[in-house]
There are 2 protein chains.
Amino acid sequence: MPPRQPRPPGAEPTSFPDLSASVGDRIKDLRTQRGLSLTALAAATRLGKGTLSELERGQRNPTLDTLFAITTALSVPLGDLLVATSGDLGPGRPPGPQAHGQNIDAELIGRWTEPAELVEVYRMTVGQGRRQSPGHTAGVIESITVVSGEVAVGPTDDPAHLTSGQSHTFPGDQDHVYEGLAHHSTTVLVMRYPLTPETTGDHHE
Amino acid sequence: MPPRQPRPPGAEPTSFPDLSASVGDRIKDLRTQRGLSLTALAAATRLGKGTLSELERGQRNPTLDTLFAITTALSVPLGDLLVATSGDLGPGRPPGPQAHGQNIDAELIGRWTEPAELVEVYRMTVGQGRRQSPGHTAGVIESITVVSGEVAVGPTDDPAHLTSGQSHTFPGDQDHVYEGLAHHSTTVLVMRYPLTPETTGDHHE
DNA sequence: CCCTAGCGTTCTATGAACAGAACGTTCCAT
DNA sequence: ATGGAACGTTCTGTTCATAGAACGCTAGGG
């Protein structure tokens, strides 16, 4: 569907139902592609689910903040909402942008490839308590920066104790632990996966 | 869900623009490029010129309709406003001691509010050379994690030397430096702006 | 000196975007 | 059947983006 027509002078000054509708369609496509419910996307974006419901049906005129919250949760560039061309979102990426643990939530906010590695950036919130993580694929390196709260992270036998503003880097391919020491902690997690020839890169600048 | 950005009184706009500010800068650039006054652009877009004035200064959170009206009047694609975080960082700010300068690109990939602060996450790429950054608004804290390459960052008089996987945290409200030591470096930058309850609005009703 | 004309900013009222709760539905488990 | 869990929709009150007017500023002309 054409996203919209450049409105000739004399048309309605307010509200372009075409535009809102096409953006809404696009959001719904992206959401369902990932198998997310409205409730899940609402949680990931921190938007009201009523808001999303009406947005998807073109009954709202979203603000820039709202659009940005949605695109980052869905990990697409902002422009992707505005070119309603039914662009499929590239290869893989079935799992969706966020993962749940009892105590841990991770939302993918950035992902790109370097010459020799794939980089993913997560916003991770950690509730109080300890959580073991088995090693991931070989060669993975994790860097965590604490935004708020207090955590102990790192190799199971030698975790680092971090508070606001502190960072730590450790190998992600051996068992490690995330332990929330405050009631609620927010962190930024950078994961770097060595690029094997099979791991085909993704797009996005 | 992000309620509203902090706009500390009397402070210059940050040179790591938040989303609204960067879009505002972009609009102003495009408008002045064309020799248009606010009044003229208001007429062309059928928006209030007060609206445009505040938009350009990052004091509003425009809706999709508003953005569309502006882009069509200026005949640029909508996406042109939204990638405004790429490119030069801080419009022509510092004639400082930068040797090669300008070689910095920052893309906003995450943004949310904590109870007491606004958090922004950038993917920042740094070319070789040194770049001074003037202090941003009071209380800002920056944390940088190097993904690839090699940089020296921090307070101008005491920068830290970082390579892949290393991180550093420093106050962003005093002069600091970003220096790329490798030909090309990629980093993740976390900026935290204190949210003081009263700085939310410059006017009240 | 006024005056007027253009500029960008600030003010005021209104309507809409928003969060969150309440609702109706469907689909399981018991 | 009955409960409850998940879904998407609708409702309600609050916040904020918007239009347009009023304002202050800087010329330039008579």
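Chain letters run A, B, ... following the sequence lines, proteins first, then strands; residues in each count from 1.
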Check whether any side-chain N or O of A:Arg46 sits under 3.5 Å from a backbone N or O of A:Ala42 as a donor-acceptor pair, and report yes or no. no
Can you tell me the distance, in whole Å, between the CG atom of A:Leu36 and the C1' atom of D:dA6? 14 Å
B:Ser37 side chain N/O closer than 4.0 Å to the phosphate oxygens (OP1, OP2) of C:dC7? yes
Give the rounded distance in Å between these two atoms: CG of B:Leu64 and P of D:dT18. 11 Å
What is the distance from CD of B:Glu56 to C1' of C:dC7, rounded to the nearest Å? 13 Å
Would a distance-only check, ignoring hydrogens and angles, find a side-chain to backbone donor-acceptor pair under 3.5 Å from B:Thr45 to B:Leu41? yes
At under 4.0 Å, does any side-chain N or O of B:Arg57 touch on OP1 or OP2 of C:dT9? yes
I want to check one thing: is the phosphate of C:dC18, taken as OP1 and OP2, less than 4.0 Å away from some side-chain N or O of A:Thr63? yes
For a salt bridge (charged side-chain N to carboxylate O under 4.0 Å, His left out) check, start with the C-alpha distance between A:Arg31 and A:Glu56, then their side-chain angles and the critical distance, and finish with the verdict. CA-CA 10 Å; A:Arg31 175 175 66 83; A:Glu56 287 190 350; 2.6 Å; yes
Could you please name the option among C:dG8, D:dG8, C:dT10 that lies closest to any side-chain atom of B:Glu54? C:dT10
Whole angstrom is fine here: how far is it from CG in A:Leu55 over to P in D:dG8? 14 Å
Under the side chain to side chain contact (heavy atoms under 4.5 Å, CB included) test against A:Ile70, which residue among A:Leu30, A:Leu52, A:Val23, A:Thr51 passes? A:Leu52
Of the options D:dT18, D:dA17, C:dG8, whose atoms approach the side-chain atoms of B:Lys49 most closely? C:dG8
Angle between the end axes of the helix from C:dC1-D:dG30 to C:dT30-D:dA1, five pairs per end, to the nearest 10 degrees? 0°
Please classify the nucleic acid contact of B:Leu47 as base, sugar-phosphate, or nothing, using heavy-atom distances under 4.0 Å. sugar-phosphate
Taking atom C1' of C:dT10 as reference, at what distance in whole Å does atom CG of B:Leu38 sit? 13 Å
In whole angstrom, give the distance that lies between atom CG of B:Leu52 and atom C1' of C:dG8. 11 Å
May I ask you to evaluate whether A:Thr39 reaches the phosphate of D:dC7, defined as a side-chain N or O under 4.0 Å from OP1 or OP2? yes
OP1 or OP2 of D:dA19 under 4.0 Å from side-chain N/O of B:Arg60: no
Any A:Thr51 side-chain N or O less than 4.0 Å from OP1/OP2 of C:dC18: no
In whole Å, I'd like the distance from the CZ atom of B:Phe68 to the C1' atom of D:dT18. 18 Å
Ignoring hydrogens and angles, tell me if any N or O in the side chain of A:Ser164 forms a donor-acceptor pair with the backbone of A:Val147 under 3.5 Å. yes
Just to verify, which of A:Val146, A:Val177, A:Leu162 counts as forming a side chain to side chain contact (heavy atoms under 4.5 Å, CB included) with A:Val153? A:Leu162
Just by modelled atom types, is the A:Pro159 backbone N or O under 3.5 Å from a matching donor or acceptor in the A:His161 side chain? no
Under 4.0 angstrom between A:Arg46 side-chain N/O and C:dA19 OP1 or OP2: no
B:His176 side chain vs B:Gln174 backbone, donor-acceptor pair below 3.5 Å: yes
C:dC11 C1' sits how many Å from B:Gln59 CD, rounded? 13 Å
Would you tell me if any nitrogen or oxygen in the side chain of A:Ser53 comes within less than 4.0 Å of OP1 or OP2 on D:dG8? no
